[in-house]
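So the structure is just underneath, and the comments pick up after that.
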There are 2 protein chains.
Amino acid sequence: MPPKPTMRDVARIAGVSTMTVSRVLAQPAIVAEATRDRVHEAIAKLGYVPDMIASSLSSQKSGFIAAIVPTLNNINFAQTAEGLSDTLKMAGFQLLIGYTNYQLDEEESLVKTMLARRPEGIVLTGGHHTKATQQLLLAADIPVIEIWDLPKQPIGHAIGFSNLDVGMAMTSRLIERGHRRIAFLGPPESEPGFRDFRGDERLEGYHRALKQADLPTDLVIRHGSGPVSFTHGAESLTALLEHRKDVDAVFAVSDLSAVGAVMECQRRGIKVPDDVAIAGFGDFEIGSHIIPSLTTVHIDCIGIGERAGQLLLDLLSRTSIESADEHQVIDLGFELVERESTGMSAQQT
Amino acid sequence: MPPKPTMRDVARIAGVSTMTVSRVLAQPAIVAEATRDRVHEAIAKLGYVPDMIASSLSSQKSGFIAAIVPTLNNINFAQTAEGLSDTLKMAGFQLLIGYTNYQLDEEESLVKTMLARRPEGIVLTGGHHTKATQQLLLAADIPVIEIWDLPKQPIGHAIGFSNLDVGMAMTSRLIERGHRRIAFLGPPESEPGFRDFRGDERLEGYHRALKQADLPTDLVIRHGSGPVSFTHGAESLTALLEHRKDVDAVFAVSDLSAVGAVMECQRRGIKVPDDVAIAGFGDFEIGSHIIPSLTTVHIDCIGIGERAGQLLLDLLSRTSIESADEHQVIDLGFELVERESTGMSAQQT
DNA sequence: CTGAAAGCGCTTACAG
DNA sequence: CTGAAAGCGCTTACAG
């Protein structure tokens with residue numbers, strides 16, 4: 001096996017300097033056509049693949065954007081990652097994806113690892129980070145975008161929606177529709193090494209809406225371990241029924257839990273929505289297919305990724321002098337989707 | 001904003017050479033403790049973050065492993081990616097993830113882009129690639145592992161299972177249970193720019209099993225566009241019923257389709273499994289929660305990723321002289337999971 | 001246990 | 001339109 005051909009090899013075969021090869025690759029328009037052809041021939045003949053590592057070091061531009069999500073095992077975050085990746089790919093950037101498993105210390109070590117790759121921008125999920133993470137990010141001196149939330153004090157920019165408002169909106173809607181004993185289903189509060197800050201904010205919104213209406217907030221079930229799932233929803237509903245028989249509505253932290261709860265009701269002969277209404281969050285595809293179809297909150301997951309990508313490209317295309325307007329916070333909002341599980345008839349869905 | 005500190009800055013502050021700083025980072029044990037402490041102090045003081053780009057160029061080791069999957073929007077592939085990533089992370093490797101959207105030409109351009117980052121190994125999903133992709137891979141001279149399949153002529157190594165056997169096994173099982181009019185639900189055959197080779201192999205297995213039993217194979221519904229989904233399953237079932245009322249079992253290319261089909265049956269008042277049995281593939285979590293619970297094929301998705309990671313680490317730790325045993329093909333098998341949707345009673349599941 | 005020299009494969013900044 | 005020189009920030013391979 002011959003050693004991998006370098007730009008020098010291509011240059012020698014084509015009878016030009018490495019600078020000319022470099023130009024053919026980076027800005028072909030400024031190279032004479034005949035020269036360009038010879039270089040392309042040499043590249044093809046040798047099977048030359050440019051070395052982006054050397055290119056990055058020399059130009060001090062890695063072509064990387066880093067993105068950190070809680071997990072890849074949640075379609076919503078996967079969609080955001082795809083939206084980001086697709087947007088950046090068009091501009092020649094490559095996405096470095098990492099996941100934290102909802103752990104801040106994992107995020108910190110990931111940020112450290114990723115910054116060593118010298119990304120030109122970084123996207124983080126949520127507005128909560130360790131002190132060290134924040135310092136690393138600030139020192140990195142690259143655009144930082146926090147997504148899926150609207151932090152009060154963003155590190156750089158933010159693109160998301162208010163999880164607090166989501167919780168209030170859905171809970172208020174349930175109250176409007178006449179429900180008085182509304183339960184909340186979520187993950188445990190203080191699992192060591194796991195925390196869903198955005199889910200906690202939706203819970204806080206639930207609390208506020210109930211308090212405003214002078215209704216009790218004692219039906220909070222925080223069950224299981226780690227990220228929620230269909231199983232989490234089924235088990236949480238079981239736990240809920242053991243203690244309280246008077247519940248008339250359930251708001252789950254995620255559609256995963258909500259769908260699991262609907263299925264468990266079906267198994268137990270509890271009628272949804274007649275005996276109990278159920279609502280979730282995230283608008284997962286399954287929610288529109290189950291019977292009864294699931295009321296939920298729709299988030300434009302792909303859009304969050306795309307907008308983050310666009311903002312990044314915009315920021316990176318500016319000269320450092322232009323970069324005045326710091327701390328953009330973009331609220332993409334959310335949409336309540338009411339379906340059969342809270343009493344909307346099928347044709348309305 | 002001061003320019004980002006380099007190893008030289010750290011060396012100067014600590015009163016040592018850059019080599020000593022480099023050693024403190026790479027092999028601290030061989031540096032005198034007092035020196036080590038001074039270097040660590042300087043690193044902390046400056047907030048120094050090593051530059052892996054320079055490190056990679058100098059050592060000719062990128063610390064990257066590339067992985068290509070069809071999509072991140074499928075939990076099974078996301079799990080494989082996580083298994084891979086977790087295994088490699090422990091050894092200090094970082095995963096470069098890319099997705100093809102089930103398009104071979106996308107795979108080719110991804111491989112080209114990724115090889116420019118000089119990964120030390122690469123993992124591809126499936127055994128079908130363009131000629132150019134194969135040449136690029138061969139020329140790259142790094143370990144190649146194909147996963148989720150058992151290619152007849154692997155480029156390097158392979159870790160997966162036989163999708164053909166999956167199709168035969170499930171179809172045979174349905175025949176054994178007395179079904180005679182068995183339909184197959186899958187994506188369209190020749191969507192421009194989309195092809196699920198592994199799904200096609202499962203279909204081929206379905207064909208073979210039916211032929212062996214002298215049963216008709218005319219109930220193949222290839223509907224929709226692109227990757228299948230719950231909606232695909234619902235629509236495919238509708239399309240199936242329009243043409244054939246005599247179907248007594250359905251085998252779907254994926255649980256996504258199968259669950260969609262179960263839900264559509266429920267909507268139409270068709271009893272599963274009494275009127276029609278339904279089986280899927282992939283053992284998605286939702287399948288064990290719907291009513292009736294879904295018969296499916298379980299694949300150890302995380303295990304595929306972990307095993308691929310381990311093989312890679314093993315191959316990379318060898319000297320080039322040892323690397324004799326090429327073309328390992330590891331069959332991880334699969335497991336038929338029979339549940340209510342094909343007539344198993346609830347307690348058996 | 002530590003350091004000086006050379007070099008990894010490109011691109012920047014000039015010069016012509 | 002093209003090229004020679006220098007350098008990006010590290011590590012390898014020696015030397016001591």
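Letters A, B, ... are given to chains in the order of the sequence lines, protein chains preceding strands, and every chain is numbered from 1.
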Donor-acceptor pairs are to be reported for all side-chain atoms of residues 27-34 of chain B against protein atoms at under 3.5 Å, with residues two or more places apart or in another chain.
none

- Query: side-chain hydrogen bond (donor to acceptor under 3.5 Å, both in side chains) with Arg8(A): which residues, sequence neighbours excluded?
  - Reply: none
- Only counting residues at least two apart or in another chain, list the ones meeting ring pair (Phe, Tyr, Trp, His ring centres under 6.0 Å) with His128(A). Phe197(A)
Kindly give the atom pairs (protein nitrogen or oxygen, nucleotide nitrogen or oxygen) under 3.5 Å for nucleotides 1-5 of chain D.
| unit_1 | atom_1 | unit_2 | atom_2 | d |
| --- | --- | --- | --- | --- |
| dT2(D) | OP1 | Thr35(A) | OG1 | 2.2 |
| dT2(D) | OP2 | Ala32(A) | N | 3.0 |
| dG3(D) | OP2 | Ser17(A) | N | 3.1 |
| dG3(D) | OP2 | Ser17(A) | OG | 3.2 |
| dG3(D) | OP2 | Thr20(A) | OG1 | 2.6 |
| dG3(D) | N7 | Arg23(A) | NH1 | 3.2 |
| dG3(D) | N7 | Arg23(A) | NH2 | 3.4 |
| dG3(D) | O6 | Arg23(A) | NH2 | 2.3 |

- Who passes salt bridge (charged side-chain N to carboxylate O under 4.0 Å, His left out) against Arg195(A), sequence neighbours left out? Asp200(A)
- Task: Can you tell me which residue pairs pass the salt bridge (charged side-chain N to carboxylate O under 4.0 Å, His left out) test with a partner in residues 55-67 of chain A, sequence neighbours excluded?
- Result: none
Output a table of nitrogen or oxygen pairs between the protein and nucleotides 7-9 of chain D separated by less than 3.5 Å.
| unit_1 | atom_1 | unit_2 | atom_2 | d |
| --- | --- | --- | --- | --- |
| dG7(D) | N2 | Ser58(A) | OG | 2.9 |
| dC8(D) | O3' | Gln60(A) | NE2 | 3.4 |
| dC8(D) | O2 | Ser58(A) | N | 3.3 |
| dG9(D) | OP1 | Gln60(A) | NE2 | 3.3 |
| dG9(D) | N2 | Ala54(B) | O | 3.3 |

- Give the rounded distance in Å between these two atoms: CG of Leu25(A) and P of dT11(C). 7 Å
- Task: Just jot down the ring pair (Phe, Tyr, Trp, His ring centres under 6.0 Å) partners of Phe77(A), sequence neighbours excluded, or say none.
- Result: Trp148(A)
Show me the side-chain donor-acceptor pairs of residues 45-54 of chain A shorter than 3.5 Å, one per line, residues at least two apart or across chains.
| unit_1 | atom_1 | unit_2 | atom_2 | d |
| --- | --- | --- | --- | --- |
| Asp51(A) | OD1 | Ile53(A) | N | 2.8 |
| Asp51(A) | OD1 | Ala54(A) | N | 3.2 |

- Check: Gly83(B) main-chain N/O paired with Asp86(B) side-chain donor or acceptor under 3.5 Å: no
- Bracket notation of DNA chain C in which parentheses pair within the strand, [ ] cross earlier pairs, and | pairs with another strand (Watson-Crick or G-U, under 3.5 Å): |||.||||||||.|||
- Assign each of Ser22(A) and Glu33(B) to its nearest nucleotide of DNA chain C by heavy atoms, then name whichever residue's nucleotide is nearer the 5' end. Glu33(B)
- Message: Test of understanding: with ring pair (Phe, Tyr, Trp, His ring centres under 6.0 Å), list the residues that count as partners of Tyr102(B), not counting sequence neighbours.
- Response: Phe194(B)
- Residue pairs meeting salt bridge (charged side-chain N to carboxylate O under 4.0 Å, His left out), one or both in residues 88-98 of chain B, sequence neighbours left out, come to Glu106(A)-Lys89(B)
